[in-house]
Student: 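Before I ask anything, let me first share the structure, which is written out below as structure tokens.
Here the structure is a predicted model, which is why all the values come from computation and not from measurement. Within every chain, numbering begins at 1; the chains are lettered A, B, ... in the order of the sequence lines, protein sequences first and strands thereafter.
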2 protein chains.
Amino acid sequence: MTQKIDFLSKNQQIVLEIIEKAKEPLKAYSILFSVQKKGIKGPPQVYRALDRLIKLGKIHKIESKNAFVACKNDNCTISNATAFSICDNCEMVTEISNPKLSKYLTNFQDETGMRYNKYNLEFFGLCKKCKK
Amino acid sequence: MTQKIDFLSKNQQIVLEIIEKAKEPLKAYSILFSVQKKGIKGPPQVYRALDRLIKLGKIHKIESKNAFVACKNDNCTISNATAFSICDNCEMVTEISNPKLSKYLTNFQDETGMRYNKYNLEFFGLCKKCKK
DNA sequence: TTGAAATATGTTATATTATAACAAAGCGTA
DNA sequence: TACGCTTTGTTATAATATAACATATTTCAA
């Protein structure tokens, strides 16, 4: 049987915890180094946990940075519709949860008639702090 | 002085040409293999050309695939505002040029007051062919 | 013109990110 | 229990990207 959708294995819990505690997106290998003392030895264990957490919507991958952040939405049902704001200077990443935006993009249809079931949007600019 | 904005070096021309001819996004190392007969020996030469072509708006990087496509817009002034449609099955990638969408996103402002000067949007789904 | 500073290119090596391949362990159920 | 399936562990390696330095080219002021 496939793993139950609400159950996290030990490795998955370890990886999720460290991502949730972090204030910034974490790279896979920095996760690996941090969790080696907890018994995780190799990249595949980390990447498998990351893959699963992504599928569950518990974390998201910031594609432009190859880094991972915890999902900030209460129920992580929108992992197929993600938007982030990224500061070019301090690299701060924030998940945008704006109902209007997600509605607009979820309903978006282009000329080709292709219907989308997932999107990822990354905004870049300077955050308030760095604008000063 | 900085290289003139409308001038491409030999390497840049070679790389751009091969990307423009391709029907699908190209990976950096597949570009490298194709251009080795033309005198380009190493990854840095390819990556430098790619970086410059991106800055000029001649090509875009598909972040979720680590691959590069030619810009389809006549004048490539919107390289800071990109949107793509990606088929999960056949991996076809199309650049979306939809004025309404780009206007919406360019003007988008979130609660934090951060103003964006760049965004990248990637839609995923099944293209017409693959839906059948 | 000429030569110092800046820019661009070539080259080797290596860092970073991710997955293949297979072995071992756990789990459900007939 | 023993068979099939899924998950986990482990080693090795593939794929992506950049550091570091050497060489060449261009720019432009003295």
Student: I'd like to know if the side chain of B/Ser30 reaches the main chain of B/Leu26, judged simply by a donor and an acceptor atom lying under 3.5 Å from each other, with no hydrogens or angles considered.
Tutor: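 Not at all, since once roles are kept as given, no pair shorter than 3.5 Å links the two residues.
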Student: Taking CG from A/Asn11 and C1' from C/dA25, how many angstroms apart are they, rounded to a whole number?
Tutor: 13 Å
Student: Counting heavy atoms from C-beta on, name the nucleotide in C/dT19, D/dT10, D/dA17 closest to the side chain of A/Pro43.
Tutor: C/dT19
Student: Take the protein atom NZ of B/Lys55 and the nucleotide atom C1' of C/dT7, then report the distance between them rounded to whole Å.
Tutor: 13 Å
Student: With a 4.0 Å limit, can you tell me whether A/Lys41 has a side-chain N or O closer than that to the phosphate oxygens OP1/OP2 of D/dG9?
Tutor: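 No, outside the criterion.
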Student: Applying salt bridge (charged side-chain N to carboxylate O under 4.0 Å, His left out), name anything that partners A/Glu17, two or more places apart in sequence or on another chain.
Tutor: A/Lys21
Student: Quick check: does any side chain N or O of A/Lys27 sit under 3.5 Å from a backbone N or O of A/Lys65, one acting as donor and the other as acceptor?
Tutor: yes
Student: Can you see which heavy atom on B/Ile59 is nearest to which on B/Leu16, and at what distance?
Tutor: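 Answer, listing the atom of B/Ile59 first, then B/Leu16: CG2-CD1, 3.8 Å.
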Student: Looking at A/Leu126, is its backbone amide N or carbonyl O close enough to the side chain of A/Asn89 to form a donor-acceptor pair, meaning the two atoms are under 3.5 Å apart?
Tutor: no
Student: I'd like to know if the side chain of B/Gln13 reaches the main chain of B/Leu8, judged simply by a donor and an acceptor atom lying under 3.5 Å from each other, with no hydrogens or angles considered.
Tutor: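 Yes, because the side chain of B/Gln13 sits within donor-acceptor range (under 3.5 Å) of the backbone of B/Leu8.
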Student: Rounding to an integer number of Å, can you tell me how far A/Lys10 NZ sits from C/dC27 C1'?
Tutor: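 It works out to 18 Å between those atoms.
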Student: So which nucleotide from C/dA18, D/dT16, C/dT9 ends up closest to the side chain of B/Asn66?
Tutor: D/dT16
Student: Enumerate the residues from residues 23-40 of chain A whose closest heavy atom to DNA chain C is under 4.0 Å, giving them by residue number; use none for an empty result.
Tutor: A/Lys27, A/Tyr29
Student: How are the rings of A/Tyr119 and B/Phe123 set relative to one another: parallel (under 30°), tilted (30 to 60°) or perpendicular (over 60°)?
Tutor: perpendicular
Student: Indicate yes or no for a side-chain donor-acceptor contact from A/Glu122 to the backbone of A/Ile62 under 3.5 Å, with no hydrogens or angles considered.
Tutor: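 A pair under 3.5 Å: no.
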Student: Please give, in whole Å, the distance from C/dT9 C1' to B/Leu50 CG?
Tutor: 15 Å
Student: Between the side chain of A/Asn11 and the main-chain N/O of A/Ile40, is any donor-acceptor distance below 3.5 Å?
Tutor: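 No: the side chain of A/Asn11 does not pair with the backbone of A/Ile40.
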Student: Can you name the closest pair of heavy atoms from B/Asn107 and B/Arg115 and give their distance?
Tutor: OD1-NH2, 4.4 Å
Student: Are OP1 or OP2 of D/dA17 and a side-chain N or O of B/Tyr47 less than 4.0 angstrom apart?
Tutor: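 Yes.
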Student: Rounded to whole angstroms, how far apart are NZ on A/Lys65 and P on C/dT16?
Tutor: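 Computing the A/Lys65:NZ to C/dT16:P distance gives 16 Å.
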Student: Once you round it to whole Å, what is the distance between P of C/dT7 and CD of B/Gln12?
Tutor: 15 Å
Student: Rounded to whole angstrom units, what separation is found between the CD1 atom of A/Ile14 and the C1' atom of D/dG9?
Tutor: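 Result: 13 Å.
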Student: Distance check: side-chain N/O of B/Gln45 vs OP1/OP2 of C/dG10, anything under 4.0 Å?
Tutor: yes
Student: What nucleotide, of D/dG9, D/dA17, C/dT9, holds the atom closest to the side chain of B/Ser9?
Tutor: C/dT9
Student: Pick base, sugar-phosphate or nothing for A/Lys61, based on heavy-atom distances below 4.0 Å to the nucleic acid.
Tutor: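 Answer is sugar-phosphate: A/Lys61 comes under 4.0 Å of backbone atoms only.
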Student: Could you tell me how far apart A/Ile54 (CD1) and C/dA18 (C1') are, to the nearest whole angstrom?
Tutor: 12 Å
Student: What are the atom names and distances for every N/O pair under 3.5 Å that joins the protein to nucleotides 19-23 of chain D?
Tutor:
unit_1 : atom_1 : unit_2  : atom_2 : d
D/dA20 : N6     : B/Arg48 : NH2    : 3.4

